[in-house]
Amino acid sequence: MLATASHAARLPRAVASQKRTLTDLVTVRTGSTAKPVIRQGPPGRSAVTGHVATVFGCTGFLGRYLVAKLAKAGTQVIIPYRDEDTKRHLKVTGDLGQIVSMEWDLRREDQIAECLRHSDIVYNLVGRDYETKNFDYAAVNVTGAARIARVAAEVGVPRFVHVSHLNASVDSPSEFYKTKAQGEAAVKEVYPSATIVRPSAMYGSEDRLLNNIAKWPIWWKLNHMQTRVRPVHVMDVAQALANLNDIPASLGDLNLPGPSEMTHEYLLTLVSHMTYHPPSKAPVVPKAVAKALAKAAQNVWWPALSPDMVERRFINDADVPGDWDKVGVEPTEIEDHAIAYLRKYRNAENYARPVVLPPSRDSSYDLA
């Protein structure tokens, strides 16, 4: 009796809280026509924003966090995959029916079209920082990117977001950075209103920055550790991309570097302080020797340090202002999050010890 009365008292408030207003209606323009997008339901995971997003590259480092943020807000997300096992963890990031998985191949335009034909925004996060026997840098970063953008334009997808790299340049000595720039041009050619997002090197739980420094510090001593970088938190980049879902118009090109610049020497010192491991006394390997060793390492079947990766360890991050204000995100410093990803490298004796940061980013440390 009391439970029934309590339920009846709550019902009018629940119904009233779900009344729609003009702010729940958003129009997404496709050419000369406008598609209505209507939000409904309670805020949060069980909401329905009315948006449908396709995230190519969803099984990668950045992709998993973007899918989680989109789905948590109530967006239905199409997750194209190649391997069944690589997308299983994404199913639980959204409510029932909000995560739709579809098998695809980068070389199959019919499969690409099927993945995005119902979407009002498409994210292209596909990319590899090493080459394989089936896909070289150009096949993924240029041809593949242009193919996805062209199909999106032909199908009539209103918005297309292409993720490149802060150091993308056609004049770069790195083939990876060069093809990233060529990919931007190819995307713009077939989809002129595409939004190009250029983050710097990202760090996070599954990254190839902090984790790699902790495991292989010798390869981060190249260039006498004086290469200057601007690392950015993967969660900040994912949030910036997710915020684009609520911005009807294209923002053009967006640079998303980290908030601070630092050297590889400081990153090595930061990892040493966080893990309570003594600084590595490995020698500084000359560039020519490092490239020769990296070339020999390509004979193994698993991803290993490549000659192009060695080249990138000698390239400073581009000195350009960030466009974080356009996407409503304030990037966070690496010192605020590093312990969450590096504590696992501490031994049992030091596991609970306090965090001690290096004195300064500009100090010189005896790591050679």
Side-chain angles (χ1 to χ4, degrees), residues 28 30 51-70 75-82 86-87 90 100-129 135-166 168 176-199 202 234 237-245 247 250-256 327:
V28 178
T30 307
H51 289 290
V52 180
T54 299
V55 181
F56 291 101
C58 59
T59 58
F61 175 41
L62 173 61
R64 65 182 63 195
Y65 297 107
L66 174 58
V67 170
K69 287 186 176 295
L70 290 172
T75 298
Q76 187 175 56
V77 187
I78 312 298
I79 54 170
Y81 69 94
R82 291 196 300 160
T86 61
K87 57 88 177 176
L90 299 176
V100 181
S101 56
M102 301 185 70
E103 191 171 2
W104 81 301
D105 189 290
L106 185 60
R107 295 160 291 197
R108 292 279 301 275
E109 293 191 9
D110 58 329
Q111 292 183 344
I112 295 174
E114 187 65 23
C115 289
L116 53 74
R117 66 190 182 94
H118 295 295
S119 300
D120 52 78
I121 186 170
V122 171
Y123 296 90
N124 178 31
L125 277 58
V126 177
R128 278 289 177 88
D129 59 357
F135 294 98
D136 58 15
Y137 291 127
V140 177
N141 298 336
V142 185
T143 308
R147 184 178 294 118
I148 296 173
R150 184 177 64 254
V151 173
E154 292 173 352
V155 172
V157 176
R159 291 171 295 166
F160 186 83
V161 179
H162 175 70
V163 177
S164 182
H165 195 281
L166 186 69
F176 174 76
Y177 292 152
K178 186 184 298 183
T179 54
K180 278 293 186 181
Q182 294 169 348
E184 292 180 13
V187 167
K188 285 287 190 179
E189 184 177 352
V190 296
Y191 202 119
S193 62
T195 299
I196 306 295
V197 180
R198 303 188 187 100
M202 293 176 285
V234 65
V237 179
Q239 187 62 61
L241 293 174
N243 288 353
L244 293 176
N245 190 36
I247 302 175
S250 172
L251 296 180
D253 299 346
L254 300 172
N255 295 316
L256 301 181
V327 291

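Everything numeric in this text was worked out from a predicted model, so none of it was measured.
Here the closest heavy-atom approach between residue L256 and residue A240 is recorded as CD1-CB, 3.9 Å. Residues A194 and V187 approach most closely at CB-CG1, 3.8 Å, considering heavy atoms. Closest approach of P80 to W104, counting heavy atoms only: CB-CD1, 3.3 Å. The minimum heavy-atom distance linking A238 with L62 is given by the pair N-CD1, 3.9 Å. Nearest approach of N141 to G127, heavy atoms of both residues: OD1-CA, 3.9 Å. When all heavy atoms are compared, the tightest approach of S164 to I196 is CB-CG2, 4.2 Å.
The side-chain contact (heavy atoms from CB on, under 4.5 Å) search around T86 returns T59, D83, not counting sequence neighbours. Remark: Y65 engages no residue in a ring-ring contact (aromatic ring centres under 6.0 Å, His included) (not counting sequence neighbours).
A donor-acceptor pair under 3.5 Å is absent between the side-chain atoms of N124 and the main chain of F56, judged by distance alone. Of the possible polar contacts, none joining the T54 side chain to the I78 backbone as a donor-acceptor pair under 3.5 Å is found. Side chain of R198 to main chain of L254: no donor-acceptor pair is present (N/O by atom type, distance under 3.5 Å, no hydrogens or angles). Using a distance-only test at 3.5 Å, with no hydrogens or angles considered, a donor-acceptor pair links the side chain of D120 to the main chain of V52.
Here the CD1 atom belonging to I112 is positioned 11.0 Å from the CZ atom belonging to R107, to the nearest 0.5 angstrom. Annotation: the span from Y81 atom OH to M102 atom CE amounts to 9.5 Å, rounded to 0.5 Å. To the nearest 0.5 Å, the span separating CG on L90 from OG on S101 amounts to 9.0 Å. How far NE2 of H51 is from OG of S119: 12.0 Å, rounded to the nearest 0.5 Å. In this structure, CG in L244 is found 10.0 Å from CG in L70, a value given to the nearest 0.5 Å.
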Tell me which donor-acceptor pairs under 3.5 Å the side chains of residues 146-156 have, and how far apart each pair is, sequence neighbours excluded?
residue : atom : partner : partner atom : Å
R147    : NH1  : L106    : O            : 2.9
R150    : NH2  : E109    : OE2          : 2.5

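Residues V237 and M202 meet the side-chain proximity criterion, which asks for heavy atoms closer than 4.5 Å. Taking 4.5 Å as the limit, some side-chain heavy atom of Y123 sits within range of a side-chain heavy atom of L66.
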For V77 and V100, run side chain to side chain contact (heavy atoms under 4.5 Å, CB included): C-alpha distance rounded to whole Å, both residues' side-chain angles, the deciding distance at 0.1 Å, then the answer.
-> CA-CA 6 Å; V77 187; V100 181; over 6 Å; no
Give the C-alpha distance, both sets of side-chain angles, the deciding distance and a yes or no for side chain to side chain contact (heavy atoms under 4.5 Å, CB included) between V161 and V122.
-> CA-CA 6 Å; V161 179; V122 171; over 6 Å; no
Determine, step by step, whether H165 and Y177 satisfy the side chain to side chain contact (heavy atoms under 4.5 Å, CB included) criterion, reporting the C-alpha distance in whole Å, the side-chain angles of both residues, the deciding distance to 0.1 Å, and the verdict.
-> CA-CA 7 Å; H165 195 281; Y177 292 152; 3.5 Å; yes
Go through the steps for N245 and T75 under the test side chain to side chain contact (heavy atoms under 4.5 Å, CB included), then give the verdict.
-> CA-CA 9 Å; N245 190 36; T75 298; 3.1 Å; yes
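The existence of a salt bridge linking D129 and K180 is excluded, since no basic side-chain nitrogen approaches an acidic carboxylate oxygen closer than 4.0 Å.
The aromatic rings of F176 and Y137 lie perpendicular to each other, with more than 60° between the two planes, well past the 30° mark.
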